[in-house]
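Both backbone and side-chain heavy atoms feed into the values below; hydrogens, waters and symmetry mates do not. Everything quoted here is computed from the prediction, not taken from an experiment.
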Amino acid sequence: MIRTRRGYIARRRRIKTRFSVSSFQGSRLKPQQEIRALASAHRGRDEKKRNFRRLWITRLNSVIREGWIAYSYSRLIHDLYKRQLSLNRKILAQIAIANKNFLSLISDEIIRDVNWKEFAGVI
């Protein structure tokens with residue numbers, strides 16, 4: 001049987017790993033360390049998304065509990081989805097910080113619209 005020579009793909013992968021690991025120092029100069037570093041970076045990006053979502057929800061909830069809006073956070077989000085408004089939590093939190101009166105106007109309009117649809121039997 002004829003001996004087959006391996007292609008350059010595996011060699012290219014190892015060279016790429018060696019270049020990315022070259023910034024590590026001492027005993028950390030191993031390909032396994034690069035794999036762990038990439039996994040940690042991915043986990044950190046996911047964690048950042050979770051933390052920002054928690055921050056937006058906390059900001060909205062604090063404005064709601066001050067009494068600017070007539071009902072709870074969960075009810076507000078539910079009615080937004082029911083009315084199919086494309087205001088996400090980030091935008092709502094920015095509105096809540098910048099202008100609390102505008103957020104209360106939005107919630108009052110949502111209440112009025114949802115109550116009218118329930119009364120008319122549309123929903």
Measure the [atom1]-[atom2] distance between [X] and [Y] for me, rounded to the nearest 0.5 Å.
X	Y	atom1	atom2	value
N61	S74	CG	OG	8.5 Å
R43	R36	CZ	CZ	8.5 Å
N101	I95	CG	CD1	12.5 Å
R45	S40	CZ	OG	10.5 Å
N99	L103	CG	CG	9.0 Å
R53	N88	CZ	CG	9.5 Å

Are [X] and [Y] close enough that some pair of their side-chain heavy atoms sits under 4.5 Å apart?
X	Y	result
R83	D79	no
I57	I77	no
I106	L76	no
I97	Q94	no

To check you understand the geometry: which heavy-atom pair defines the closest contact between [X] and [Y], and what is its length?
X	Y	value
L87	L80	O-CD1, 4.2 Å
V63	A96	CG2-CB, 3.7 Å
R89	Y73	NE-OH, 2.8 Å

(request) Is it possible for you to say whether I91 and L55 belong to one hydrophobic cluster, with membership spreading through side-chain heavy-atom contacts below 4.5 Å? (result)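 No.
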(message) Quick check: is L85 connected to L60 through a chain of hydrophobic side chains (ILVMFWY, heavy atoms under 4.5 Å apart)?
(response)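 In one cluster: yes.
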